[in-house]
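Counting convention: from 1, in listed order, for ligands and their atoms alike.
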Amino acid sequence: MRRISDGARRSVIQYIYTLTCENRPGIVAAVSTCIFEHGGNVRESQQFDDTESGRFFARIVLDHPKNRLDLPKLHAGLAAIAGRFGMTWTLRDRAQLLRVMLMVSKFDHCLADILYRWRIGELPMEIAAVVSNHPRETYQHIDLRDVPFHYLPVTKETKAEQEAAVWALVQQTNTDVVVLARYMQVLSDDLAAKLDGRCINIHHSFLPGFKGAKPYHQAHRRGVKIIGATAHYVTAALDEGPIIEQDVERISHVSSPDDLIRQGRDIERRVLSRALRWQLDGRVLINGTRTVVFRD
Ligand SMILES: Nc1nc2c(c(=O)[nH]1)N[C@@H](CN(C=O)c1ccc(C(=O)N[C@@H](CCC(=O)O)C(=O)O)cc1)CN2
């Protein structure tokens, strides 16, 4: 049974309902009537009608004033509507914490930042595992006391075996979301497919510029005046996945590659933590090769 976050025990239970389907009249009316008929109360509602793809997207947060929502009945009602409209949908208790696996290589600034934000309650999640292709001693500056750490080294020769161990761990730990927090190994097509739509990477450039392993050196060589970072879902195609969040900062001709790496760490930290916070709160929906983000 997934852990319910502490705060929820005392307050009104909230549910996050997300949906996407081909756009047509009557979707919102059907959904809101179903929620109303089951005594539900809509607390938040955001929607987007993508006229280009003809797809409709919505995120609704609902509760029941007396916490007496008959969830199975509501679920059945929404399932019937989903059948009518051909929806892809989710309904989840907002306090039911998602289980997150954090993957990291040599650079630990994003891992440190996520663990800190988790400890102060900014990222409501359960940490299923921290996985690295470097040994635990690499992370002297990070407090790993209360998180399960797994050292899974990898070489070109052992990649398939190592990825099998990663996938086994994802299953054994009931991981919902995998975060590549500067994990510097390219996932195979097979593993990327298995983690489709639930694996988030932080790329240290403002995509689509400077793909690959050394974007800051590429940026310095090109002489750009702005650098950035991009959080995106991982696909088999390197650095091509649907973008969730981006941010940038100005630089100048004075900035050395090391200056860019230092400045970039701050951008990476805030971009990845924002993307993860939105993922945990059901605010990110995939729209083909893009995303719909119902920001907070
Ligand atoms: N299937 C995917 N896997 C990964 C992605 C992705 O988009 N799709 N993103 C990367 C992260 N990344 C850039 O953000 C990145 C990581 C690593 C490399 C790379 O060329 N790695 C070399 C090895 C480098 C090393 O050992 O230090 C390699 O794998 O041969 C490029 C980009 C994470 N995985």
Quick test: of every protein heavy atom, which one is nearest to [atom], and how far off is it to 0.1 Å?
atom                    : value
atom 30 (O) of ligand 1 : Lys156 NZ, 3.9 Å
atom 2 (C) of ligand 1  : Thr235 O, 3.4 Å
atom 26 (O) of ligand 1 : Gln185 NE2, 3.1 Å
atom 3 (N) of ligand 1  : Leu187 N, 2.9 Å
atom 6 (C) of ligand 1  : Leu238 CD1, 3.6 Å
atom 20 (O) of ligand 1 : Ala213 CB, 3.8 Å

Out of curiosity, is Arg182 lining ligand 1, as in a heavy atom under 4.0 Å away?
no

Is Ala236 in contact with ligand 1, taking contact as a heavy-atom separation below 4.0 Å?
yes

Under 4.0 Å from a heavy atom of [X]: give me the atoms of ligand 1 that qualify, with their elements.
X      : answer
Val186 : 3 (N), 4 (C), 18 (C), 19 (C), 29 (O), 34 (N)
His203 : 13 (C), 14 (O)
Tyr183 : 11 (C), 33 (C)
Gly212 : 31 (C), 32 (C)
Leu180 : 33 (C), 34 (N)

Options Val234, Leu191, Asn201, ranked by nearest heavy atom to atom 11 (C) of ligand 1, top entry
Asn201

Just go through His204, Met184, Glu240, Lys211 and tell me whose heavy atom is the nearest to atom 22 (C) of ligand 1.
Met184

When only distance counts, is Asp239 in polar contact with ligand 1, meaning an N/O pair under 3.5 Å?
yes

N/O of Ser188 under 3.5 Å from N/O of ligand 1, yes or no?
no

Give the intermediate values and the outcome of side chain to side chain donor-acceptor pair (under 3.5 Å) for residues Tyr233 and Gln279.
CA-CA 11 Å; Tyr233 287 115; Gln279 178 75 19; 2.5 Å; yes

Do the ring planes of Phe57 and Phe48 sit parallel (below 30°), tilted (30 to 60°) or perpendicular (above 60°)?
parallel

About how many Å separate OG1 of Thr20 and CZ of Phe85, when rounded to the nearest 0.5 Å?
13.0 Å

Spacing of Arg265 atom CZ and Phe107 atom CZ [to the nearest 0.5 Å]:
8.5 Å

Would you indicate whether the side-chain heavy atoms of [Y] and [X] approach each other to under 4.5 Å?
X      : Y      : result
Tyr139 : Val104 : yes
Phe36  : Val42  : no
Val186 : Lys159 : yes
Cys21  : Ile27  : yes
Ile227 : Phe210 : no
Leu102 : Leu115 : yes
Arg283 : Gln46  : yes

